[in-house]
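Encoded as structure tokens, the structure appears first; notes follow it.
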Amino acid sequence: MKEVLYRHLAGKPMKILVIHGPNLNLLGTREPEIYGSLTLDDVNERISKLASELGVEVEFFQSNHEGQLVDAIQGAVGRCQAIVINPGAYTHTSVALRDAVAGTGVPTIEAHLSNIHRREEFRKHSYIAGVAAGQICGFGPDSYLLALRAAVGLVKK
Ligand code: DQA
């Protein structure tokens, strides 16, 4: 039944934390030829819709600050069964985010709107990919939806 939330081991509904990194608050006006014209609220709305179809809860967090993103990842422990994260530019620079993902052990899917592998050289390396369950990029807002499906599949396994 669609309305019945998927129950995780402890009898609690599955909750996925969706984290948006720096500058993703500017979606809609930021380089629309690369990132599209949807705002972050539009993207979150699509994610919420899919989450309710899948019978899981989602929680959203956006920050432009590396430390706050680290805190959000750590804050998922014991509350969220998986994380979908678009680390924005911190993808390519942040050992701290990588360590947070590795250190907490919460299964994490990395998502990007653009295909980071066919852009500038410096975007091709991700510090997160090596500790993430997987990476999805290049499908615009659908990258988040694919990542959510992947996260739910991972937790159900
Ligand atoms: C991005 C790709 C990053 O290289 C960039 O710094 C972003 C957005 C994406 O979603 O395509 O901020 O993560």
Side-chain angles (χ1 to χ4, degrees), residues 14-54 56-77 79-155:
M14 189 197 300
K15 190 189 259 194
I16 312 287
L17 176 62
V18 178
I19 301 179
H20 305 284
N23 297 307
L24 292 164
N25 55 315
L26 299 179
L27 282 184
T29 54
R30 172 193 185 199
E31 299 179 275
E33 65 289 358
I34 298 173
Y35 299 116
S37 55
L38 294 186
T39 65
L40 189 58
D41 283 346
D42 295 333
V43 172
N44 285 345
E45 212 173 285
R46 289 185 180 201
I47 297 169
S48 293
K49 186 167 171 285
L50 177 62
S52 74
E53 283 167 20
L54 297 175
V56 301
E57 288 181 5
V58 273
E59 185 178 305
F60 297 105
F61 181 76
Q62 191 278 326
S63 177
N64 296 325
H65 304 275
E66 191 174 15
Q68 287 183 358
L69 295 166
V70 169
D71 289 344
I73 293 166
Q74 291 186 9
V77 176
R79 290 189 322 106
C80 302
Q81 284 70 50
I83 296 173
V84 169
I85 185 168
N86 181 347
Y90 288 135
T91 305
H92 320 296
T93 63
S94 180
V95 177
L97 288 187
R98 178 194 176 99
D99 285 354
V101 171
T104 57
V106 180
T108 298
I109 317 281
E110 177 184 347
H112 299 279
L113 297 149
S114 65
N115 181 350
I116 57 173
H117 302 287
R118 57 184 289 187
R119 298 184 60 193
E120 301 96 325
E121 253 340 278
F122 68 85
R123 292 188 205 275
K124 292 183 180 162
H125 177 257
S126 165
Y127 277 98
I128 313 304
V131 293
Q135 182 194 70
I136 297 171
C137 68
F139 300 99
D142 285 351
S143 292
Y144 286 101
L145 305 183
L146 292 165
L148 181 64
R149 286 186 189 279
V152 171
L154 208 59
V155 177

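Read the numbers this way: they start at 1 and go in the same order the structure lists the ligands and their atoms. Computed from a predicted structure; not experimentally measured.
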Note to self: Just to be sure I read this right, does ligand 1 sit under 4.0 Å from the backbone of His112, its side chain, both, or neither, counting only heavy atoms?
What the structure shows: both

Checklist line | Ser94 side chain to Glu66 side chain, donor-acceptor N/O pair below 3.5 angstrom | finding: yes

Notebook entry, point to check: When you check the gap from the basic side-chain N to the acidic O, do Glu53 and Lys49 get nearer than 4.0 Å?
Noted result: yes

Margin query: Taking a cutoff of less than 4.0 Å between a non-hydrogen atom of the residue and any ligand atom, is Ile116 in contact with ligand 1?
Written below: yes

Item checked: Ser143 (side chain) donor-acceptor with His112 (main chain) under 3.5 angstrom -> yes

Next item on the list: Give yes or no for whether the N/O distance cutoff of 3.5 Å, strictly under, is met between Arg119 and ligand 1.
Entry: no

Notebook entry, point to check: For the ring pair Tyr144 and His20, is the centre-to-centre distance below 6.0 Å?
Noted result: yes

Margin query: Please verify the inter-ring angle class for Phe122 with His92; under 30° counts as parallel, over 60° as perpendicular, anything in between as tilted.
Written below: perpendicular

Check: Of all the atoms in ligand 1, which lie at a distance below 4.0 Å from a heavy atom belonging to His92?
Finding: 3 (C), 4 (O)

Checklist line | Side chain, backbone, both or neither: Arg30 near ligand 1, heavy atoms under 4.0 Å | finding: side chain

Note to self: So, regarding Ala111 and ligand 1 (criterion: nitrogen or oxygen to nitrogen or oxygen, under 3.5 Å), is there a contact or not?
What the structure shows: no

Margin query: Out of all atoms in ligand 1, which are within 4.0 Å of some heavy atom of Ser114? Include the element for each.
Written below: 2 (C), 9 (C), 11 (O)

Next item on the list: Report yes or no: is the cationic atom of Arg98 (NZ for Lys, CZ for Arg) closer than 6.0 Å to the six-membered ring centre of Tyr127, at no more than 45° off its axis?
Entry: no

Next item on the list: Would you please determine whether Tyr35 falls within less than 4.0 Å of ligand 1 on a heavy-atom basis?
Entry: yes

Checklist line | Minimum heavy-atom distance Asn23-Asn64, with the two atoms named | finding: N-OD1, 2.9 Å

Notebook entry, point to check: Of all the non-hydrogen atoms in the protein, which one sits nearest to atom 5 (C) of ligand 1, and at what distance?
Noted result: Arg123 NH1, 3.3 Å

Next item on the list: Determine, considering heavy atoms only, which of Asn23, Leu113, Asn115 sits nearest to atom 9 (C) of ligand 1.
Entry: Leu113

